[in-house]
Every structure is written in structure tokens, then in C-alpha cells.
Amino acid sequence: MNIFRFAGDMTHLISVLVLLLKIYATKSCSGISLKTQELYALVFLARYLDLFTDFISVYNTVMKIVFIMSSLSIVWCMRMHPMVRRSYDKELDTFRHYFLIAGCLLGALLVHEKFTFQEIFWAFSLYLEAVAILPQLVLLQRSGNVDNLTGQYVFFLGAYRALYILNWIYRYFTEKHFGRWISCISGLVQTALYGDFFYYYFISWKNNAKLQLPA
Amino acid sequence: NNNNTVKDEL
């Protein structure tokens, strides 16, 4: 465990907590893409298949359970909670995310470490996580003004993977056998997708203005 | 081997 990775995990945890706070405190999920939340639930379920088979550390197991439970509860809230579901921007959240799932599944069948069930689902989860933010970014551009908590949610979500890239660089130089190009490339693509969001987020922070994404 | 290294990541 290195500081980059720990900071990355904490930033990821903060992003989830910010989202839970927004939904719980405002009883609203306006500006949040249900499709992105569903993709993230899928990412965690596909990646943590080894939750009960490989024990790595208490930290690892606890964090996996937290991510799975939180992503499923957010999806449940947005679909079933009577107050929250009313504020879902159904007509704006129209990204066809099933194509993302199909594409990533195909990609995992073609490009993986080993042709085993667990490895293919692991590669699938990495590819899917790289693109999972797309419905959310599209929704933000469509809904124009972004409320603070939603903006912070997306910011921390992007920052976590950027920190993971520093972690992979660090591990590449400190661990002889470390070389995981599937994670690294997916992580680079994922962080790049946040590029323009980070730019407008920084501008709004510098001007102390409301975050406005160009339509 | 490098197989288990990244699997220790979240």
C-alpha cells in the first residue's frame, strides 16, 4: 500500500459519501445519472467476485463491501425511494448505457490477462469503469447548472483514478514484477474523460463562480 | 508473479 493508492481509495470513498449525503440530505437525485450509478454497481460486482474467495486484508474486504453496498443502495434509492425517484431527470438521462456494457464485455472477451471467468470479469470491470462516467457527464451538460454536491461528487470520482495512476507509476518503479497495462490504460482513458470537466471545474473554482458546462 | 499484485487493489 502506498500513499497514492490510499489517497485514491479515500478520494473514491469521499465521492461515494458526498453522493449519499446529497441524496440523503436533499432527498433528491436531480442532476445524478441513474445509468452511471448502475454501471458502477456492475463494475464493483464484476470486479469483487473474489470477495469471498481471496482474503487480502481487512481493509481490502471492508472497502469492497462498502463500495458494493453503497452503489447498490444508491441505485435502489433512485429507483424505489418514493421521494428520491420523483426528482430523477429521467428525460435527460438518456445515454444508451447498454451499448457500453456490451462493448466492454466484448472487449474483455478479446483483451484479458487469462481466459478465465474471473479474469474476464475483472477486465470487463476495468473497461466499464473507464466509461461509466459518460452518462453522468452527458447529463451534466444537458442539465446546465451543476449543484455543488454533484460537482464535488464528479470531481472526487475523477481525482481518485488520477491518484491511482500515480500509484501504478510508483509501483512500476518500486516493484520488479509490477506491470499491469490493462489497469493502466483503462485508468488513463478514464481520467482523460474527466479532462474537460476538470477544466471547467477549475475555472469555476478560480472565478468562484457556479460550475457551468458548455451545452 | 505480477498476477496477484494488482488484485490487491480495489
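Chain naming here is simple, since letters A, B, ... match the order of the sequence lines and numbering starts at 1 in each. Reckoned from all heavy atoms, side chains included, excluding hydrogens, waters and symmetry mates.
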Colleague: Report, as yes or no, whether the 6.0 Å neighbourhood of atom CZ on A:Phe198 holds more than 12 heavy atoms from other residues, nucleotides or ligands.
Modeller: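 More than 12 within 6.0 Å, yes.
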Colleague: Give a yes or no on this: more than 12 heavy atoms of other residues, nucleotides or ligands lie within 6.0 Å of atom CE of A:Met10.
Modeller: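 Atom CE in A:Met10 is packed in, count exceeds 12.
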Colleague: Within a reach of under 6.0 Å around OH of A:Tyr24, are more than 12 heavy atoms found that belong to other residues, nucleotides or ligands?
Modeller: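 Not buried by this count: 12 neighbours or fewer within 6.0 Å.
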Colleague: So does A:Arg142 have more than 12 non-hydrogen atoms from other groups sitting under 6.0 Å from CZ?
Modeller: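 It does: A:Arg142 CZ has more than 12 such atoms within range.
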Colleague: Do the non-hydrogen side-chain atoms of B:Leu10 and A:Lys64 ever get within less than 4.5 Å of each other?
Modeller: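 Yes - at least one pair of side-chain heavy atoms lies under 4.5 Å apart.
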Colleague: With a 4.5 angstrom heavy-atom cut-off, which part of A:Asn60 approaches chain B: side chain, backbone, both or neither?
Modeller: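 Both backbone and side chain of A:Asn60 come within 4.5 Å of chain B.
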Colleague: Strictly by modelled atom types, are A:Asn167 and B:Glu9 linked by a side-chain donor-acceptor pair under 3.5 Å?
Modeller: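 Side chains of A:Asn167 and B:Glu9: pair found under 3.5 Å.
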Colleague: Are B:Lys7 and A:Glu119 ion-paired here, with the side-chain N under 4.0 Å from a carboxylate O?
Modeller: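 Yes, B:Lys7 and A:Glu119 are salt-bridged.
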Colleague: Examine whether an atom of A:Tyr48 lies under 4.5 Å from a heavy atom of chain B, and if so say whether it belongs to the side chain, the backbone or both; otherwise answer neither.
Modeller: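 A:Tyr48 touches chain B through side-chain heavy atoms alone.
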Colleague: Give a yes or no on whether A:Phe55 atom CZ has more than 12 heavy-atom contacts from other residues, nucleotides or ligands under 6.0 Å away.
Modeller: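 For A:Phe55, atom CZ is crowded (more than 12 foreign heavy atoms under 6.0 Å).
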